[in-house]
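So the structure is just underneath, and the comments pick up after that.
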Amino acid sequence: MSNLLFDQPGPRARRRTRIATAVGAVAVLVLLALAVRQFAANGQLDADRWSPYATWPMWRYLLNGLWATALAAVVSAALAMAAGLALALGRLSRHRWIRVPAATYVEVVRTIPALLLVYVVLFALPRYGLDLPLFWKLVVPLAISNAAAFAEIFRAGVLSVERGQGEAGLAVGLTQGQTMRLIVLPQAARRVLPSIVSQSVGLLKDTSLGFVVSYAELLYSGKVLATFNGLLIQTYIIVALIYLVVNASLSKLARTLDARDTPGARRLRRRPARA
């Protein structure tokens, strides 16, 4: 799919990219070295400030925060995907009264930051008598925001399926709905799976907005822990490393799925094994 959206860079562009990457890597290493030096000068690297993180109660507390993060992300993703699929089908509808509202929702919500939606659920809705539990104060705005992104992903997947597939379904007597459900959607879902995983990574990071509503996700748990033990830098470094490991694992999964569906990989899978 990336080949359809971007041209392959030429030799000069690849050389400039490599140079920029090297310069950026050196700059990051220099900044890290300066940060480590400053931490060491202020005693932040002393063993007694890190030893609490070798104990199980500390990790159990952080893992509970990670579980709350994962739960919010999974529920938000499930709701956003269901709404996104409905919006995508609405945008593809032949009926204007369905297509226009779906397109309006997607175009408007995509321009609104998720944080603003969190503030609406947190402060505006209670004034009208709708005060949701903390969990839903985080999940609802994330689902509303990400539904627009998932809608565009699903719509791109449906449009990428060759028109002849749908025409073949109609030719054998299937209805429009059956053709979409049995032939088009399964192929579209397979093609957009890497994009769905990538969007889910972004959604997982957005759960850190639970910090705003005091939902006990990972970042908020880190704040409480740092307030309790006074180890602010150490706590947030550990929390950042947990986010890094989880998101890097999901990003690796997305790249693996994307590579599996490239033309070269498909040719290799189709090649018969030699005896």
Give me the atom names and distance for the closest heavy-atom approach of [X] to [Y].
X: G157; Y: V192; result: CA-CG1, 3.3 Å
X: A216; Y: A68; result: O-CB, 3.2 Å
X: R181; Y: P186; result: O-CD, 3.4 Å
X: A147; Y: Y105; result: CB-OH, 4.1 Å
X: L203; Y: A73; result: CD2-O, 3.5 Å
X: A88; Y: F154; result: CB-CB, 3.7 Å

Hydrophobic clustering (ILVMFWY, side-chain heavy atoms < 4.5 Å, transitive) - are [Y] and [X] grouped together?
X: V28; Y: V30; value: no
X: L116; Y: V108; value: yes
X: L87; Y: V140; value: yes
X: V120; Y: V118; value: no
X: L29; Y: L244; value: no

Hey, what do you get for [atom1] ([X]) to [atom2] ([Y]), rounding to the nearest 0.5 Å?
X: L122; Y: L132; atom1: CG; atom2: CG; result: 10.0 Å
X: S76; Y: N146; atom1: OG; atom2: CG; result: 7.5 Å
X: R255; Y: L250; atom1: CZ; atom2: CG; result: 11.0 Å
X: T69; Y: L62; atom1: OG1; atom2: CG; result: 10.5 Å
X: L170; Y: Q176; atom1: CG; atom2: CD; result: 5.0 Å
X: L225; Y: L231; atom1: CG; atom2: CG; result: 8.0 Å

[X] vs [Y] side-chain heavy atoms within contact, under 4.5 Å:
X: M180; Y: V158; value: yes
X: L185; Y: V161; value: no
X: L63; Y: I242; value: no
X: R60; Y: N64; value: yes
X: I237; Y: F39; value: yes
X: E152; Y: R110; value: yes
X: S200; Y: I196; value: yes

Residue pair S208, Y220: steps toward the side chain to side chain contact (heavy atoms under 4.5 Å, CB included) verdict: CA-CA 8 Å; S208 61; Y220 186 81; over 6 Å; no

Within the 6.0 Å centroid threshold, strictly below: Y215 and F135: yes

Presence of salt bridge, R91 and E107, under 4.0 angstrom: yes

Presence of salt bridge, E162 and R191, under 4.0 angstrom: yes

Any side-chain donor near an acceptor of the partner, Y53 and T235, under 3.5 Å: yes

Non-neighbouring partners of F150 that pass ring-ring contact (aromatic ring centres under 6.0 Å, His included), sequence neighbours left out: none

Pi-cation contact, F211 with K223 (under 6.0 Å, within 45°): yes

Under 3.5 Å: donor-acceptor pair, side chain of [X], backbone of [Y]:
X: Q187; Y: I183; answer: yes
X: S145; Y: P141; answer: no
X: R99; Y: G90; answer: no
X: T207; Y: L204; answer: yes

Ring geometry between Y119 and F123 (parallel below 30°, tilted from 30 to 60°, perpendicular above 60°): parallel

Over 12 non-hydrogen atoms of neighbours within 6.0 angstrom of CH2 in W67: no

Working for side chain to side chain contact (heavy atoms under 4.5 Å, CB included), residues W50 and L45: CA-CA 7 Å; W50 289 93; L45 299 183; 4.2 Å; yes

Audit row: L92, L159, side chain to side chain contact (heavy atoms under 4.5 Å, CB included) steps and yes/no: CA-CA 9 Å; L92 295 169; L159 293 177; 3.7 Å; yes

Chi angles and distances behind the side chain to side chain contact (heavy atoms under 4.5 Å, CB included) call for L138, D206: CA-CA 9 Å; L138 174 63; D206 287 345; over 6 Å; no

Pair listing, side chain to side chain donor-acceptor pair (under 3.5 Å) test, anchored in residues 121-132, at least two apart: D131-K137

